[in-house]
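Notes for the one structure printed next.
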Protein chains: 2
Amino acid sequence: MKGNAVYKRSYNGCLAICGSLPLGAEMPSENELSQSLAVSRTTIRTVMTGLEAAGILRRESGARRLSRRPAPDDAFPDTQTLSTSATVERRFLEWILDGHIGPGHLLTATELARQFGTSTTIIREHLPHFQHFGLIERRPNSAWLFKGVTPAFANEIYEVREMFELRAARSFIDLPDDSGSWRRMRTIEAEHRSLLASIDTDYGLFPDLDERLHRTVHETADNRFIKDFYDIISMLFHYNAQWDAEDEKQRTFTALTEHLAYIEALLRRDLKAIDRACRQHLKTARSNLLRSIELRMKVPSAPDASPA
Amino acid sequence: MKGNAVYKRSYNGCLAICGSLPLGAEMPSENELSQSLAVSRTTIRTVMTGLEAAGILRRESGARRLSRRPAPDDAFPDTQTLSTSATVERRFLEWILDGHIGPGHLLTATELARQFGTSTTIIREHLPHFQHFGLIERRPNSAWLFKGVTPAFANEIYEVREMFELRAARSFIDLPDDSGSWRRMRTIEAEHRSLLASIDTDYGLFPDLDERLHRTVHETADNRFIKDFYDIISMLFHYNAQWDAEDEKQRTFTALTEHLAYIEALLRRDLKAIDRACRQHLKTARSNLLRSIELRMKVPSAPDASPA
DNA sequence: AGTTTGTCTTTTGTATATAAAACGCAAGGG
DNA sequence: CCCTTGCGTTTTATATACAAAAGACAAACT
């Protein structure tokens, strides 16, 4: 009734630790392991038992020692290390953003549960979350209305994003000199320059860097609602990146350049320049998003079919 | 396994319709009733059966006729007409905002379910909602952290509220002359003047008027995220009003005056004046909220006890 | 043709069941 | 003493069960 994804993830984690240990060495204590993997000691114990059964660890007067080197296929496949809930969230968003259904479509919990092979419990847990994202709307005692990934959606998100990011960026200059944010920002700047140098091969690393920059800016606003909102943007970017691979390198180059102007302005505490660079970057980002949404609306990938 | 609050609410609704009908008159069709009460025909049918069993309606060749005048105690009590979910939401917020627990307290779903006499299903449905409100924070696979109704909470809410309300107010002046918003705003203005005249007796009507004004402004931003956010503010106001009755009349008077300046500026499409009035009003509202939160933090009503 | 009602099917709201994971206490060892 | 492990208890994640409500279709009635 409850998956054991936590177990499998922890098992793989311990396996990695084993791999970095010389043969015959003693494993860290249950407490240390549970802390470093951020799970309960109970789970660690179960994992230890599993590793012993697999012949990887051996008990010796209380302590556990590495008795054989773990092979790559001792690990559980990555697909099994995510909870049902996380899997459904991902698959649902992919399905939505892939344009399988159009605006105005009605979603019923039962049907979604069938479609994704889970219980309605999980589905009912996620629907409010997607409502928070502005993707669906509830009809009381009835189905949910899909509002669509439309230009309106993008514009509304960006209207808010601009307000929040500008506000956060402005608060950046008020940070005390000894705030950790300055150091982090300088690191991010260096990473930008290094990525720019190796852009031909490494442009795939950009999304992560992008997120770190914007989160660093948003952090300084010190406002839970502003930080929360960035989760929506982050989600949108993550999935949007998947279906809009066109011109990715060129767009990455532009973004890196704009980011650098933005970062320099932040580091110089130059309010005017911050405003200018921030607006410019968000304008580009918004039109990229709009372009890919409009493109997608013209070429619906599959009008309305189950992904299975 | 499923409450019948919808039935009871509809029953009371039909009872009210019966009450407005002369004896022996024919009831509206099932379809009409289901439309006017916004429930399914299935529910209406069940209600009709109930009303017949209670001797209020009598069947006569297909049609239903009023056979006796409904008495006040034919109706179900109001407490039974709310779904379990709605009841729990209300009780939970009251409990939180009443200061029964302090910031840093850990909430477990099981305990809350016990406390409110429901299943964990309902609790688990609501916790993410309160997270959206910024009141709690999730620890994965574990309890929820209550962040508290603190001055920080109020300030963060107001920082966003100011951005959103100013943005919406500015977009008001771009509305076309024939937009319904102008008419609605003039009505609201009239209501303000009338309430101001009878303030000594009617100040209790203010919260509703307040909400209508701000929603009308927010509507014009035409942004789902801005509208959504107003739900948080609305919740906070609703419950805050309950525990801060002090000086209510005086505060209402101030708010009415500030609102009128704001409304006049909006109707005149005077951007400068809109900005000024809006900021002034939000400043007052924010400090009222801060004052009552600080007051409450000094006098904790009951450190940590179950309300039952 | 368009309503109205009777009947049957599907979906939603809520409680409960159960394996996995977290939590907490006590005893043992450096 | 503080850290470790062993073990019993509680809580969480997920599936399932089932009454209430919604939805769908056809026969009856204007």
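All values below were derived from every heavy atom in this structure, side-chain atoms included, with hydrogens, water molecules and symmetry-related copies excluded. Residue numbering restarts at 1 for every chain, and letters A, B, ... go by the order of the sequence lines.
For DNA chain D, the contact window with chain A, defined by any atom under 4.0 Å from a protein heavy atom, covers D:dT4 to D:dG23 in 5' to 3' order.
When each of B:Arg114 and A:Ser83 is assigned the nucleotide of DNA chain D with its nearest heavy atom, B:Arg114 is the one assigned upstream, toward the 5' end. The 5' end of DNA chain C is approached more closely, in terms of each residue's nearest nucleotide, by B:Thr118 than by the other of A:Val39 and B:Thr118. Mapped onto DNA chain D by nearest heavy atom, B:Arg138 and B:Gly3 fall at different nucleotides, with B:Arg138 at the one closer to the 5' end. Annotation: of the two residues near DNA chain C, A:Ile44 and B:Arg45, the 5′-most nearest-nucleotide partner is B:Arg45.
Ring planes of B:Phe229 and A:Phe225: perpendicular class, angle over 60° (limits at 30 and 60°). Ring geometry for B:Tyr230 versus B:His214: interplanar angle of 30 to 60°, hence tilted. Between B:His129 and B:His132, the ring planes are tilted. Angles from 30° to 60° get that label.
One atom, CG of A:Leu112, and another, C1' of C:dT10, lie 15 Å apart when rounded to the nearest Å. When the C1' atom of C:dC23 is taken as reference, atom CG of B:Asn141 falls 13 Å away, rounded to whole Å. Rounded to whole Å, atom P of C:dA15 lies 18 Å from atom CE of A:Met1. Distance CZ (A:Phe76) to C1' (C:dA20): 14 Å, rounded to an integer number of Å. Straight-line distance from the CD atom of A:Glu30 to the C1' atom of C:dG24: 15 Å, rounded to whole Å. Here C:dT10 presents its P atom at 18 Å from CG of A:Leu106, a figure rounded to the nearest Å. Between A:Glu111 atom CD and C:dT10 atom P there is a gap of 13 Å when expressed in whole angstrom units. In this entry the distance linking CD of B:Glu125 with C1' of C:dA15 reads 13 Å, nearest Å.
Within the nucleic acid shown, B:Ser29 comes within 4.0 Å of sugar-phosphate atoms alone, with no base atom in reach, counting heavy atoms only. Within 4.0 Å of B:Thr84, counting heavy atoms only, lie sugar-phosphate atoms of the nucleic acid but no base atom. Using a 4.0 Å heavy-atom criterion, one finds that B:Arg59 contacts the sugar-phosphate atoms exclusively. As judged by a 4.0 angstrom heavy-atom cut-off over every strand, A:Gly62 is placed among residues making no nucleic acid contact. Within the nucleic acid shown, A:Asn4 comes within 4.0 Å of sugar-phosphate atoms alone, with no base atom in reach, counting heavy atoms only. Contact annotation for A:Thr46: no contact, since no heavy-atom pair falls under 4.0 Å across all strands. As judged by a 4.0 angstrom heavy-atom cut-off over every strand, A:Arg9 is placed among residues making no nucleic acid contact. Within the 4.0 angstrom heavy-atom criterion, no nucleotide atom of any strand lies near A:Arg139.
Of all heavy-atom pairs between B:Ile293 and B:Val149, the closest is CG2-O, 3.4 Å.
When distances are taken from the side chain of B:Arg64 to each of C:dT5, C:dA20, C:dT12, the shortest belongs to C:dT5.
No N or O donor and acceptor, one from the side chain of A:Ser142 and one from the base of C:dT11, sit under 3.5 Å apart. In terms of polar N and O atoms assigned as donor or acceptor, the side chain of A:Thr43 never comes within less than 3.5 Å of the base of C:dA21 in a complementary pairing. In the interface, the side chain of A:Lys2 is paired with the base of C:dA20 through a donor and an acceptor atom under 3.5 Å apart.
A sub-4.0 Å separation between OP1 or OP2 of C:dA15 and a side-chain N or O of B:Ser119 is present.
Salt bridge B:Arg64/B:Glu30: present, at least one basic N to carboxylate O contact under 4.0 Å.
Atom CD of A:Gln35 has 12 or fewer neighbouring heavy atoms from other residues, nucleotides or ligands inside a 6.0 Å radius.
Judged by distance alone, with hydrogens and angles left aside, the side-chain atoms of B:Arg224 form a donor-acceptor pair with the main-chain N or O of A:Gly134 at under 3.5 Å. Side-chain N or O atoms of A:Arg90 include none that pairs as donor or acceptor with a backbone N or O of A:Leu93 at under 3.5 Å.
Among residues two or more places apart in sequence or in another chain, the salt bridge (charged side-chain N to carboxylate O under 4.0 Å, His left out) test is passed with A:Asp231 by A:Arg215.
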